[in-house]
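These notes are about the structure you will find just below.
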Amino acid sequence: MINKVVSNADEAIKDIANGHTLMLGGFGLCGIPENCIAALVKKGVKDLTCISNNAGVDGFGIGLMLETRQVKKMISSYVGENAEFERQLLSGELEVELIPQGTLATRCLAAGYGIPAIFTPAGVGTEVADGKETRNFSGKDYLMEYAFDADFALVKAWKGDTAGNLIFRSTSRNFNPIMAMAGKVTIAEVEELVQAGELDPDHIHTPGVYVHRIFQGEAYEKRIEQRTVRKKD
Amino acid sequence: MINKVVSNADEAIKDIANGHTLMLGGFGLCGIPENCIAALVKKGVKDLTCISNNAGVDGFGIGLMLETRQVKKMISSYVGENAEFERQLLSGELEVELIPQGTLATRCLAAGYGIPAIFTPAGVGTEVADGKETRNFSGKDYLMEYAFDADFALVKAWKGDTAGNLIFRSTSRNFNPIMAMAGKVTIAEVEELVQAGELDPDHIHTPGVYVHRIFQGEAYEKRIEQRTVRKKD
Amino acid sequence: MLDKNGIAKRIAKEIKDGYYVNLGIGIPTLVANYIPNGINVELQSENGLLGMGPFPFEGEEDPDLINAGKQTITTLPGSSIFDSAMSFGMIRAQKIDLTILGAMEVSENGDIANWKIPGKMVKGMGGAMDLVASAKNIIVAMQHINKAGESKLLPACTLPLTGVKCIKKIVTELAVLDVLPEGGFKLLERAPGVSVDFIKQSTAGKLVVEGEILEMLID
Amino acid sequence: MLDKNGIAKRIAKEIKDGYYVNLGIGIPTLVANYIPNGINVELQSENGLLGMGPFPFEGEEDPDLINAGKQTITTLPGSSIFDSAMSFGMIRAQKIDLTILGAMEVSENGDIANWKIPGKMVKGMGGAMDLVASAKNIIVAMQHINKAGESKLLPACTLPLTGVKCIKKIVTELAVLDVLPEGGFKLLERAPGVSVDFIKQSTAGKLVVEGEILEMLID
């Protein structure tokens with residue numbers, strides 16, 4: 001067994017430097033690497049390019065890194081719900097590349113699977129297609145999209161073991177497993193870190209070979225963006 | 001919940017006809033759809049094109065369909081261990097297309113993910129590259145390979161539920177989940193069929209949306225191809 | 001004239017037994033409330049869930065279980081969880097039978113614009129471009145006319161496109177319409193109390209009216 | 001001169017702590033028996049397993065748990081199971097640190113042939129083409145000369161290729177050699193009792209010999 005355990009978020013991110021490209025797992029505020037984000041804010045590393053489906057909200061998630069002006073560019077599919085984000089974007093402090101959510105996901109998968117490019121119909125005939133190669137297969141047009149190239153992937157799992165194997169819980173899975181596969185260096189924070197052998201090999205979502213560092217996170221806030229409920233009859 | 005249950009293998013394969021292209025899950029004899037193969041032999045449907053990593057052995061697996069001359073063409077990565085296969089191949093009765101195992105797997109994945117073509121380095125500079133488009137990405141050559149187009153996928157899972165969700169056991173997973181995603185019609189046979197709600201949504205390998213028909217198989221033989229053991233000290 | 005719930009009710013009648021359905025944000029989300037009894041449907045949420053259930057009871061919210069609108073939800077028996085690549089994989093591979101989403105504009109050749117207004121803060125397309133480019137069967141829930149009375153069913157979209165030649169059916173506060181393969185909006189039904197003439201006035205794109213147009217049945 | 005176990009022993013010394021390793025069928029499989037103590041390694045089996053363990057005890061064979069050679073095996077703590085697409089995904093993405101496989105011929109520019117002999121029944125390439133095209137670090141375990149005494153380290157392969165310009169290190173019954181980026185086999189070590197002259201005679205491709213060539217240390 002190859003041991004991937006590091007002591008905490010600070011140690012896990014110690015070689016993330018100014019100008020790096022990071023992938024951050026999560027959908028909205030669900031399944032985001034809270035501990036790694038806090039450590040990045042503390043470290044103060046800047047000029048980061050962040051690949052993440054969303055950009056957090058004011059005061060939470062990637063929103064925290066926006067407040068400290070650490071992000072140079074966001075690559076996302078949807079960036080609403082964040083006033084500071086909007087301010088920086090409109091003032092030209094922040095660069096944003098918007099790409100379709102499925103394209104974002106598939107470019108992660110392609111990186112993790114060693115596939116340099118794939119074809120998707122998303123964005124054909126729209127401004128997303130500008131400058132891209134279009135190709136027809138069986139009468140339908142597709143865009144060629146490239147695998148992402150990220151220095152680090154920061155992901156959050158529910159359980160992990162010392163060998164780096166990860167299991168995600170419910171819809172907090174989202175982009176986490178595919179970003180875990182895509183990072184040149186992948187850092188996983190987990191709610192519960194167990195010994196190798198305690199997880200069922202059949203239930204592992206991300207094999208440890210894709211994970212370079214793992215630690216047990218602390219004080220997960222797991223903020224809810226839209227609390228929707230129904231009343232009991 | 002959308003119910004996918006059919007009563008048995010005969011009902012599941014009833015519309016498989018002469019000349020169809022079938023995917024069959026399994027690696028060697030591990031995780032093969034034993035009940036579906038038996039039903040195909042019984043039905044006597046012929047001129048089949050079979051996409052399967054291997055072609056079974058004499059008297060078991062796809063070997064049974066070879067004995068009854070039901071297979072026109074095999075698309076596989078490795079076809080050793082089968083004397084009848086060899087006889088039919090050398091006599092010209094059987095057509096064989098050999099493709100690299102990873103290409104086979106990725107062409108299944110591409111079909112299941114609606115990606116018409118992908119790029120892989122496997123086979124560059126070899127006879128596998130003949131007639132294929134070669135393309136350079138970041139200094140390395142890749143072949144363009146197309147998604148498979150199969151009429152039916154026949155897969156074997158350990159557990160399944162009435163909604164068609166599948167869970168595989170150990171290395172009998174192999175090609176089964178990716179072929180399940182790739183078939184126009186996917187038929188799953190399982191060792192144990194349970195009610196929807198009995199499987200943990202986090203542990204499902206193949207979501208029911210990919211499975212059109214499911215039934216509980218019977219009398220699994222699970223033959224071992226290479227029984228290798230060690231002695232207790 | 002239909003309100004939002006009326007549009008959702010009418011769309012719900014298009015859902016067939018055994019459908020996997022993706023519901024967009026806004027009016028489409030309301031459709032889930034009107035799926036007829038006896039019709040078995042599974043809802044897909046593109047953040048990675050099949051078999052989406054209703055909102056949780058108060059106090060039972062799970063921050064790890066949300067839909068694509070970031071709302072807390074529940075699962076149902078038979079549901080499954082998967083990553084974002086598989087989620088859009090099944091969308092692209094057309095395993096989802098029906099996609100219902102909103103639009104700002106639709107053109108008579110089936111183009112749709114629903115993600116960007118020049119000059120306004122752009123939030124992004126989310127999964128909309130993947131959905132419209134991939135789905136075999138899309139119903140648009142939208143307002144026929146804006147507050148100024150201007151038509152949103154146009155000869156050509158004026159806003160940046162989300163997808164081209166992909167919309168086949170539209171349900172508005174005024175009517176149900178098909179987009180014809182050769183171009184044009186074919187009027188199928190009118191909302192209660194709405195005249196064909198008013199629909200004609202309210203449709204800037206080519207409107208095709210053939211035979212008697214019946215008032216739609218909702219309840 | 002080394003026997004098969006000797007070749008496997010010598011290759012085992014190339015394995016570093018923390019390596020993920022894919023072992024091919026034949027001599028490479030034997031390497032697992034000689035991994036030094038204190039070296040933590042995980043073995044990948046391309047049918048879908050990381051963390052492959054030894055053969056099961058008699059009576060404990062599980063037909064659902066086999067390796068790429070279809071042999072019954074076991075798992076170890078920390079192992080994981082995945083489908084064939086992910087298995088070759090991690091191979092293509094170079095997450096596997098070292099691939100060890102056999103060969104019929106290797107050329108002085110690093111081409112390898114190991115899957116097909118014209119005129120004989122062709123069984124297929126299995127995962128070999130994916131492995132050689134993807135791995136960043138490949139060691140070939142092979143016989144230097146065939147039974148007729150003819151070299152299998154050639155200026156150019158005569159058999160159909162498995163991959164081009166991909167082999168960097170070779171261990172044979174006679175020697176350890178690197179394939180130089182500019183072409184040529186660089187002699188690094190000789191097997192016990194084997195002379196440099198004999199290796200020269202046994203190598204049809206360009207052989208580069210610089211300085212003193214030491215006998216390899218195995219045990």
Notebook entry, point to check: Is any side-chain N of the basic residue among B/Lys132 and B/Glu145 closer than 4.0 Å to the acidic one's carboxylate O?
Noted result: yes
Margin query: Under 4.5 Å from any heavy atom of chain D, what part of B/Val128 do you find: side chain, backbone, both or neither?
Written below: side chain
Notebook entry, point to check: Between D/Pro160, D/Gly163, D/Ala68, which residue shows the highest count of heavy-atom pairs closer than 4.5 Å to chain B?
Noted result: D/Ala68
Note to self: Counting only non-hydrogen atoms closer than 4.5 Å, does D/Lys116 touch chain B with its backbone (N, CA, C, O), its side chain (CB onward), both, or neither?
What the structure shows: side chain
Notebook entry, point to check: Does D/Glu105 reach the main-chain N or O of D/Leu159 with its side chain, forming a donor-acceptor pair under 3.5 Å?
Noted result: yes
Margin query: Which one wins on heavy-atom pair count under 4.5 Å against chain B: D/Ser45, D/Ala128, D/Pro54?
Written below: D/Pro54
Margin query: Heavy-atom cut-off 4.5 Å, strictly under: side chain, backbone, both or neither for D/Ser87 against chain B?
Written below: neither
Note to self: If we define contacts as heavy-atom pairs under 4.5 Å, which of B/Ser77, B/Ala122, B/Gly31 has the most with chain D?
What the structure shows: B/Ser77
Margin query: Can you tell me which portion of D/Glu60 sits under 4.5 Å from chain B's heavy atoms? Options are side chain, backbone, both or neither.
Written below: side chain
Checklist line | Pi-cation contact, B/Tyr142 with B/Arg135 (under 6.0 Å, within 45°) | finding: no
Next item on the list: For residues B/Phe27 and B/Phe175, establish whether the separation of their ring centroids is below 6.0 Å.
Entry: no
Item checked: Side chain / backbone / both / neither for D/Phe55 at chain B, heavy atoms under 4.5 Å -> both
Notebook entry, point to check: Any side-chain heavy atom of B/Asn174 sitting closer than 4.5 Å to one from B/Asn176?
Noted result: yes
Next item on the list: Give a yes or no answer on whether the side chain of D/Arg92 reaches the backbone of D/Met90 with a donor-acceptor pair at less than 3.5 Å.
Entry: no
Item checked: Salt-bridge criterion met for B/Glu191 and B/Lys156 (N-O under 4.0 Å) -> yes
Item checked: Choice from D/Asn47, D/Leu49, D/Asp83, D/Asp130 maximising heavy atom contacts with chain B below 4.5 Å -> D/Asp130
Item checked: Greatest number of heavy atom pairs closer than 4.5 Å to chain D - which of B/Glu86, B/Arg230, B/Lys232 -> B/Arg230
Margin query: Between B/Arg169 and chain D, with a heavy-atom cut-off of 4.5 Å, which part of the residue counts as in contact: side chain, backbone, both or neither?
Written below: both
Item checked: Most contacts with chain B, counted as non-hydrogen pairs under 4.5 angstrom, among D/Gly127, D/Ala133, D/Gly126 -> D/Gly126
Check: When you check the gap from the basic side-chain N to the acidic O, do B/Glu97 and B/Lys73 get nearer than 4.0 Å?
Finding: yes
Item checked: Intermediate values then yes/no, side chain to side chain donor-acceptor pair (under 3.5 Å), D/His144 and D/Thr203 -> CA-CA 7 Å; D/His144 211 112; D/Thr203 306; 2.8 Å; yes
Check: Do you know which of B/Lys140, B/Lys231, B/His205, B/Glu127 has the most heavy-atom pairs with chain D at a distance under 4.5 angstrom?
Finding: B/Glu127
Note to self: Between D/Val132 and chain B, with a heavy-atom cut-off of 4.5 Å, which part of the residue counts as in contact: side chain, backbone, both or neither?
What the structure shows: neither
Check: Is chain D contacted by the side chain of B/Leu90, its backbone, both, or neither, given a heavy-atom distance below 4.5 Å?
Finding: neither
Check: Is the shortest distance from a Lys or Arg side-chain nitrogen in D/Lys165 or D/Asp111 to a carboxylate oxygen in the other one below 4.0 Å?
Finding: no
Item checked: B/Ser91 side-chain N/O to B/Arg87 backbone N/O, donor-acceptor pair under 3.5 Å -> yes
Next item on the list: Can you tell which part of D/Asn67 gets under 4.5 Å to a heavy atom of chain B, answering side chain, backbone, both or neither?
Entry: backbone
Next item on the list: Measure B/Thr103 against the heavy atoms of chain D and call it side chain, backbone, both or neither at under 4.5 Å.
Entry: both
Checklist line | Working for side chain to side chain donor-acceptor pair (under 3.5 Å), residues D/Glu14 and D/Tyr19 | finding: CA-CA 10 Å; D/Glu14 300 289 321; D/Tyr19 265 17; over 6 Å; no
Notebook entry, point to check: At a heavy-atom separation under 4.5 Å, does B/Asn53 approach chain D through its side chain, its backbone, both, or neither?
Noted result: neither
Notebook entry, point to check: By a 4.5 Å heavy-atom criterion (distance strictly below it), what part of B/Leu89 contacts chain D: side chain, backbone, both, or neither?
Noted result: side chain
